[in-house]
Number of protein chains: 2
Amino acid sequence: MNFNAITIRDIAKELNLSVSTVSKALRDSYEISEKTKKLVVEYAERNNYRPNPIAQSLKHGHSKSIGIVIPTIENQFFSQVINGIESVAYNSGFNVIITQTHESYDLEVKNVSHLARRSIDGLLISLSTETKDLEHLKKLHKQGLPIVFFDRVSDEIETHKVIADNFKGGYDATKHLLESGYTRIAHITSPPNISTSKERLAGYNQALAEAGLQVPEEYIKHCLHGGRDASEIENVLTELLSLEKKPDAIFTTSDRITTTTLFLLNKLKIKIPNDIALIGYTNTTFADVLNPPLSSVYQPGFEMGQKAMEMLLNIILSKRPVIKFETLVLPTRLFARSSTACKRLV
Amino acid sequence: MNFNAITIRDIAKELNLSVSTVSKALRDSYEISEKTKKLVVEYAERNNYRPNPIAQSLKHGHSKSIGIVIPTIENQFFSQVINGIESVAYNSGFNVIITQTHESYDLEVKNVSHLARRSIDGLLISLSTETKDLEHLKKLHKQGLPIVFFDRVSDEIETHKVIADNFKGGYDATKHLLESGYTRIAHITSPPNISTSKERLAGYNQALAEAGLQVPEEYIKHCLHGGRDASEIENVLTELLSLEKKPDAIFTTSDRITTTTLFLLNKLKIKIPNDIALIGYTNTTFADVLNPPLSSVYQPGFEMGQKAMEMLLNIILSKRPVIKFETLVLPTRLFARSSTACKRLV
DNA sequence: TTATATTGTGAAACCGCTAGCATAATTTGG
DNA sequence: CCAAATTATGCTAGCGGTTTCACAATATAA
């Protein structure tokens with residue numbers, strides 16, 4: 001790794017000093033004379049000496065790196081979150097190790113344990129759709145690993161959390177459809193065990209209830225893997241379309257589900273919004289150039305990443321154990337585009 | 001970091017053995033009796049002992065982690081590359097540290113030096129658009145850091161490289177436009193210093209030459225930051241559109257440039273392909289649902305990542321210095337969609 | 001029974017860096 | 001001019017593993 005890199009010993013030998021003197025000189029200790037410091041520092045610079053971080057980590061017991069566990073990097077929302085995390089981590093001298101679960105519980109467990117073994121100083125995680133059991137995290141949390149949840153959180157572990165206002169997101173999207181004249185509103189979402197689905201569903205229900213509407217149960221569809229495979233979505237969509245009382249609008253959650261639904265509707269030559277209106281969660285920058293331009297709920301991914309990292313730093317850097325935890329809720333934004341244009345009354 | 005984790009010493013004390021015996025038992029050394037091994041291993045498992053990787057790294061001089069430097073994670077192509085890298089790295093027990101340059105030379109230098117200090121065992125890099133000077137990499141390479149380039153490579157450093165067939169990609173796209181009846185084909189691309197631009201441009205030129213066509217110089221536009229800011233693209237597009245002899249087709253490179261161009265053309269209410277046809281490099285899964293469905297050159301991102309990582313492992317794991325290097329060229333795929341439908345003869 | 005081979009265990013050095021403390025060198029005060 | 005105080009430097013232990021080598025214990029052969 002460090003390829004014949006120069007060590008503190010080399011410097012000591014070369015300059016006829018002891019290792020400790022060199023070390024202290026490099027760290028600008030008050031114990032060392034200015035003259036010696038200058039000598040050492042200049043020699044070090046000339047030979048571009050770099051302290052071995054591994055040795056440093058071993059010495060003072062932290063690695064200056066944090067782990068990130070997310071479903072997948074390919075999702076624009078999550079890559080924006082990562083950008084946010086990175087921007088803060090970078091400024092604080094922290095390294096970031098990213099791992100993906102691809103929505104698999106097993107992979108999540110593996111990644112988490114892998115990271116823990118890599119001696120990370122803290123963990124930032126958004127749960128996979130499959131995750132129901134939190135033991136793998138609880139154990140580490142008990143052992144003292146600082147953890148911050150973002151987006152897909154759990155209340156089984158008490159720590160800082162950052163989420164978007166999922167209830168309001170679901171409520172706003174549904175209300176927007178209602179206001180545009182749609183009443184038979186279906187909902188395609190991720191499994192009910194993950195926090196975001198639950199909250200968005202609650203918002204959806206609330207909006208319907210306020211409008212005095214009740215939709216059949218078959219209107220609510222969960223994709224077990226959050227739409228990881230297109231077939232998941234194809235199946236639920238087929239079900240929806242073969243209902244006696246076909247929905248006139250669909251509200252989808254998550255980038256994957258949203259764009260795949262759009263794709264499938266197009267493929268089936270179903271006109272949007274004339275046959276079926278569509279609004280969905282997405283953070284893609286393409287929403288405007290889709291066919292048709294897609295109404296969407298946008299989540300502040302970058303900010304979420306920043307906040308999560310700040311909270312994690314707060315725990316890591318705290319001298320005494322943190323016992324008061326906070327759940328930060330970030331606002332979402334609704335963009336109305338033509339995929340939910342007002343219903344044409346026939 | 002390792003939070004009161006159990007060490008080999010704890011086990012030794014508890015079992016009345018020496019540290020070395022425990023260590024050897026855990027590593028299944030032939031020197032240790034089966035009885036003792038069993039005792040130690042079981043105790044370790046019961047108390048879920050995990051060797052401290054930092055200590056291990058310090059000991060045998062490698063960190064089992066590799067660094068990745070890419071322009072940006074948000075680009076679908078690069079996130080697919082990462083997935084490919086990860087899939088191979090994971091199976092070989094390697095960790096992956098991802099950093100982004102956001103197309104900035106300064107950030108690239110910083111990230112590379114940061115990674116080098118983190119004692120990575122190898123580096124996978126795709127250069128930023130701004131990078132012209134390779135000193136930061138040459139130095140490390142000379143010091144013995146295994147490096148593999150992918151996508152945006154340089155021939156100033158002799159090592160393994162993986163690229164897509166950029167010449168053919170550019171050639172095919174241009175030829176496709178020609179065959180669809182377009183003749184005034186403009187080209188919006190990244191700065192001429194990066195390898196991919198050069199090669200795609202060469203392919204474009206070749207196709208035009210073969211057709212006996214010559215386009216004005218003003219048809220070729222370089223975005224200094226690869227379209228990092230929409231304004232870059234807006235500017236060159238305005239220039240193209242205000243030309244006396246307006247182009248009837250545009251061939252774009254890179255996800256960012258392609259989708260932004262599409263967005264801007266839509267915004268300007270320029271009909272695609274009637275007013276101007278568009279074909280571009282992109283790895284987005286949305287190409288089909290864009291407005292209009294977008295003809296594109298697709299690059300095998302995942303495979304590129306896999307191959308790059310395999311090559312890196314090849315260098316890292318090699319007992320003797322590697323001196324024969326290879327440049328692997330992966331084929332691209334052209335998808336013809338309606339954005340390049342045959343020109344209607346007026 | 002004694003010498004020799006075999007096997008299991010432990011002491012200690014080491015990876016590179018840090019930090020407390022001892023010691024040497026220098027300055028200051030009486 | 002010597003003792004005390006100050007300042008600069010070096011010794012050493014330790015972070016948590018791994019590994020070489022010495023040694024003790026046991027088995028085998030003569």
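In what follows, chains are A, B, ... by sequence order, proteins preceding strands, each numbered from 1.
- Of the residues near DNA chain C, B:N16 and B:A55, the one whose nearest nucleotide (by heavy atom distance) lies more toward the 5' end is B:N16.
- For the residue pair A:E103/A:T129, the side-chain donor-acceptor check at 3.5 Å is satisfied.
- Salt bridge absent: A:D121 and A:K64 never bring a charged side-chain N and a carboxylate O closer than 4.0 Å.
- When the side-chain nitrogen and oxygen atoms of A:Y30 are compared with OP1 and OP2 of C:dA19, none of them lie within a distance under 4.0 Å.
- For A:E31 against C:dC21, a side-chain-to-base donor-acceptor contact under 3.5 Å is present.
- If you check every strand for non-hydrogen atoms under 4.0 Å, B:S20 touches a base.
- Atom pair B:L58:CG and D:dT19:P shows a separation of 13 Å (rounding to whole Å applied).
- A:L17 has its CG atom 15 Å from the P atom of C:dC17, to the nearest Å.
- When rounded to the nearest whole Å, the span between CD of B:E34 and P of C:dG8 equals 8 Å.
- With hydrogens and angles ignored, no donor-acceptor pair under 3.5 angstrom links the side chain of A:S23 to the base of C:dC17.
- Within 4.0 Å (heavy atoms only), B:S29 reaches no atom of the nucleic acid at all.
- Closest to the side chain of B:P51, from the set D:dG17, D:dT9, C:dC17, is D:dG17.
- C:dG8 atom P lies 17 Å from atom CG of B:L26, rounded to whole Å.
- Under 3.5 Å, the side chain of B:S18 and the base of C:dA11 form no donor-acceptor pair of N or O atoms.
- Rounded to an integer number of Å, the gap from B:R27 CZ to D:dT20 C1' is 14 Å.
- Here the two rings, on A:H136 and A:Y105, have centers that are under 6.0 Å apart.
- Under a cut-off of 6.0 angstrom, the local environment of NZ in A:K307 is sparse, with at most 12 non-hydrogen atoms contributed by other residues, nucleotides or ligands.
- Between the NZ atom of B:K64 and the P atom of D:dT18 there is a distance of 14 Å, given to the nearest Å.
- For the OP1/OP2 pair of C:dT18 and a distance below 4.0 Å, the side-chain nitrogens and oxygens of A:Q56 include at least one atom meeting the criterion.
- Mapping B:T36 and A:T21 onto DNA chain C by nearest heavy atom places B:T36 closer to the 5' end of the strand.
- Residue side chain A:K24 reaches the base of C:dG20 through a donor-acceptor N/O pair under 3.5 Å, judged by distance alone.
- Within 6.0 Å of NZ in A:K110 there are 12 or fewer heavy atoms belonging to other residues, nucleotides or ligands.
- Checking A:T21 against A:S18 by side-chain atom types alone, a donor-acceptor pair falls below 3.5 Å.
- Between the CD1 atom of A:I54 and the P atom of D:dT18 there is a distance of 14 Å, given to the nearest Å.
- In this entry the distance linking CD1 of B:I32 with P of D:dT20 reads 14 Å, nearest Å.
- Remark on DNA chain D: of its neighbouring residues A:V22 and A:R9, the 5'-side contact belongs to A:V22, judged by nearest-heavy-atom nucleotide.
- Judged by distance alone, with hydrogens and angles left aside, A:K59 brings a side-chain donor or acceptor within reach of the base of D:dG14, the pair sitting under 3.5 Å.
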